[in-house]
Amino acid sequence: MGQATGTRLFVAEVGGQEAATGAVHLQDGVAALHGTATRPAFRGHGAQTALLAWRLRWAMHAGADLATVFVTPGSPSERNVERAGFRLVGMRLTFTKQP
């Protein structure tokens with residue numbers, strides 16, 4: 001989805017260094033936030049919180065009236081999106097198999 005039409009990629013810099021990434025896929029007024037990652041040295045410094053706010057503002061100005069994001073329960077990402085006003089509306093199961 002990172003190169004799909006309607007997807008915008010964002011990079012947060014701290015002190016001139018790339019610290020975190022995030023993306024938004026916008027289609028039919030729905031902004032799907034995804035592609036988040038933070039370099040270990042920059043975790044806990046607010047880079048993803050800033051990127052989340054920036055991506056939501058960008059999506060709103062681009063015409064989105066709904067935003068969605070998938071996160072791992074209990075993760076820092078879940079805490080970030082809840083602080084940004086997202087609320088749980090459903091859960092999905094992910095299955096893995098150990099080799």
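Because the structure is a prediction, the values reported are computed rather than measured.
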### Message
side chain to side chain contact (heavy atoms under 4.5 Å, CB included) for Leu56 and Val24? Distances and angles first, verdict last.
### Response
CA-CA 9 Å; Leu56 287 170; Val24 178; over 6 Å; no
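Between Gly35 and Thr21, the shortest heavy-atom contact is O-OG1, 3.2 Å. The two residues Pro73 and Glu78 make their nearest non-hydrogen contact at C-OE1, 3.4 Å. Looking at every heavy atom in both residues, Ser75 comes nearest to Thr72 through OG-O, 2.6 Å. Considering every non-hydrogen atom in both Arg55 and His34, the closest pair reads NH1-O, 3.3 Å. For Ala12 against Leu51, the heavy-atom pair with the smallest separation is CB-CG, 3.7 Å. Shortest non-hydrogen contact noted between Thr38 and Gln48 is OG1-CG, 3.0 Å.
Cluster membership for Phe42 and Leu52, using ILVMFWY side-chain heavy atoms within less than 4.5 angstrom, is not shared. Hydrophobic clustering, with ILVMFWY side chains joined whenever heavy atoms are under 4.5 angstrom apart, keeps Phe10 apart from Val14. Leu9 is not connected to Trp54 by any chain of hydrophobic side-chain contacts under 4.5 Å among Ile, Leu, Val, Met, Phe, Trp and Tyr, and they are in different clusters.
Between the side chain of Arg8 and the backbone N or O of Ala23 there is no donor-acceptor pair closer than 3.5 Å. Here the side chain of Arg39 pairs a donor or acceptor atom with the backbone of Glu18 at under 3.5 angstrom.
One distance of note links CG of Leu26 with OG1 of Thr7; it measures 9.0 Å at 0.5 Å rounding. Distance check: Met60 CE to Asp65 CG gives 11.5 Å after rounding to the nearest 0.5 Å. Note that the CZ atom of Phe70 and the OG1 atom of Thr36 stand 13.0 Å from one another [nearest 0.5 Å].
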